[in-house]
Amino acid sequence: YGCIALGDCLRVCPSDALALVDKKIEVDLDKCTGCGQCCRACPCNLFEIVSFKKDTPIHYVGCSNKEKAPGVKEVCSCGCIGCGICVRVENSPYYLEDNLSSIDYKKATDQGPLDEGKNKCPTKCIYKLNA
């Protein structure tokens, strides 16, 4: 469920917006054109194109493991365990699907519920990226 660092996404990115750093892919948002080539090339289906406003933080769930909590805990200390705490935040844009928290970015219009869900996450698998 995680990056296997084959570099398929790196090879297809026409704007050189991706880099492999410490065995993780990093996206340079200033270079990314949103073409979606990385989405199509990733064998693990780990990329998602998300619209955002400049100078507005982007929240994301940094996990794609769809196993139930015991299976996740067996292989990762910071994976989503599907507890739903982030979903229960008032006006939450988070939702659970296949034991995994996700964000409905169309509902993510207010930073408050995004931050609250992130802060309540027991495994800290929700991240905030300042764009």
**Student:** Please give me the minimum heavy-atom distance between Leu100 and Cys80, naming the atom from each residue.
**Tutor:**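 The pair with the smallest heavy-atom distance is CD1-CB, 3.6 Å.
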**Student:** Which atoms form the tightest heavy-atom contact between Pro43 and Ile4, and what is the distance?
**Tutor:**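 Heavy-atom minimum between the residues: CG-CD1, 4.3 Å.
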**Student:** State yes or no: do Leu10 and Val12 share one hydrophobic cluster built from I, L, V, M, F, W and Y residues joined by side-chain heavy-atom distances below 4.5 Å, directly or via other members?
**Tutor:**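 No; Val12 is not reachable from Leu10 via cluster members.
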**Student:** If we ignore hydrogens and angles and just use 3.5 Å, is the side chain of Ser15 paired with the main-chain N or O of Lys31 as donor and acceptor?
**Tutor:**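 Present.
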**Student:** Considering non-hydrogen atoms only, spot the tightest contact between Ile25 and Cys9 and give its length.
**Tutor:**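 Minimum heavy-atom contact is CD1-SG, 3.8 Å.
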**Student:** Is Ser92 reaching over with its side chain to a backbone N or O of Cys86, donor-acceptor style, under 3.5 angstrom?
**Tutor:**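 Looks like yes, one N/O pair under 3.5 Å.
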**Student:** Answer yes or no: is there a donor N or O on one side and an acceptor on the other, between the side chain of Asn99 and the main chain of Lys66, under 3.5 Å?
**Tutor:**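 Checked: pair present.
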**Student:** Report yes if some heavy atom in the side chain of Pro14 is under 4.5 Å from a heavy atom in the side chain of Cys35; otherwise report no.
**Tutor:**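 SC-SC contact between Pro14 and Cys35 confirmed.
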**Student:** With heavy-atom distances below 4.5 Å as the criterion, would you say the side chains of Leu18 and Arg11 are in contact?
**Tutor:**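 Answer no - side chains too far apart.
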**Student:** Would you check if Cys63 and Cys76 make a side-chain contact, meaning some heavy-atom pair closer than 4.5 Å?
**Tutor:**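 Heavy-atom side-chain distance check fails, nothing below 4.5 Å.
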**Student:** Heavy atoms only: give me the nearest Cys78-Cys125 pair and the separation to one decimal.
**Tutor:**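 Heavy atoms only, the tightest pair is O-CB, 3.0 Å.
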**Student:** Taking Thr123 for its side chain and Gly79 for its backbone only, find out whether a donor-acceptor pair lies under 3.5 Å.
**Tutor:**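 Such a contact is found between Thr123 side chain and Gly79 backbone.
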**Student:** Heavy-atom distance under 4.5 Å between the side chains of Tyr60 and Leu129, does that happen here?
**Tutor:**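 Result yes, sub-4.5 Å side-chain heavy-atom pair found.
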**Student:** Hey, what do you get for NZ (Lys73) to OG (Ser77), rounding to the nearest 0.5 Å?
**Tutor:**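 Rounded to the nearest 0.5 Å, the NZ-OG separation comes to 11.5 Å.
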**Student:** Enumerate the residue pairs fulfilling salt bridge (Lys or Arg N to Asp or Glu O under 4.0 Å) with a member in residues 108-131, sequence neighbours excluded, ordered by first and then second residue.
**Tutor:**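 Passing the test, one end in residues 108-131: Asp115-Lys128, Glu116-Lys120.
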**Student:** To the nearest 0.5 Å, what is the distance between CD1 (Ile81) and CD (Glu67)?
**Tutor:**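 So the CD1 of Ile81 and the CD of Glu67 are separated by 14.0 Å.
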**Student:** Please report the closest heavy-atom contact between His59 and Tyr105, naming both atoms and the distance.
**Tutor:**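 Shortest heavy-atom contact: O-OH, 2.8 Å.
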**Student:** Are any side-chain N or O atoms of Asp22 and backbone N or O atoms of Lys24, one a donor and one an acceptor, separated by less than 3.5 Å?
**Tutor:**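 Checked: no pair found.
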**Student:** Honestly curious: do Leu46 and Val27 fall in one hydrophobic cluster under the side-chain, below-4.5 Å linking rule?
**Tutor:**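 Unlinked, Leu46 and Val27 end up in two clusters.
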**Student:** Applying side-chain contact (heavy atoms from CB on, under 4.5 Å) to Val61 and Ser102, what does each step give before you reach the verdict?
**Tutor:** CA-CA 6 Å; Val61 179; Ser102 296; 5.6 Å; no
**Student:** In Å, rounded to the nearest 0.5 Å, how long is the span from CZ of Phe47 to SG of Cys42?
**Tutor:**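 With rounding to 0.5 Å, CZ (Phe47) is 5.5 Å from SG (Cys42).
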**Student:** CD1/Ile126 to CD1/Ile103 distance, rounded to the nearest 0.5 angstrom?
**Tutor:**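 One finds 6.5 Å between CD1 of Ile126 and CD1 of Ile103.
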**Student:** Which value, rounded to the nearest 0.5 Å, describes the distance between Gln37 atom CD and Ile49 atom CD1?
**Tutor:**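 Answer for the CD-CD1 pair, Gln37 versus Ile49, is 10.0 Å.
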**Student:** With a 4.5 Å cut-off on side-chain heavy-atom distances among I, L, V, M, F, W and Y, is there a chain of contacts connecting Val89 to Leu96?
**Tutor:**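 No, it is not one cluster - the side chains of Val89 and Leu96 are not joined through contacts under 4.5 Å.
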**Student:** Rounded to the nearest 0.5 Å, what separation is found between the SG atom of Cys3 and the CG atom of Leu20?
**Tutor:**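 Here the rounded value is 6.5 Å.
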**Student:** Considering all heavy atoms of both residues, which atom of Ala108 and which atom of Leu114 are nearest to each other, and what is their separation?
**Tutor:**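 Heavy atoms of Ala108 and Leu114 come nearest at CB-CD1, 3.9 Å.
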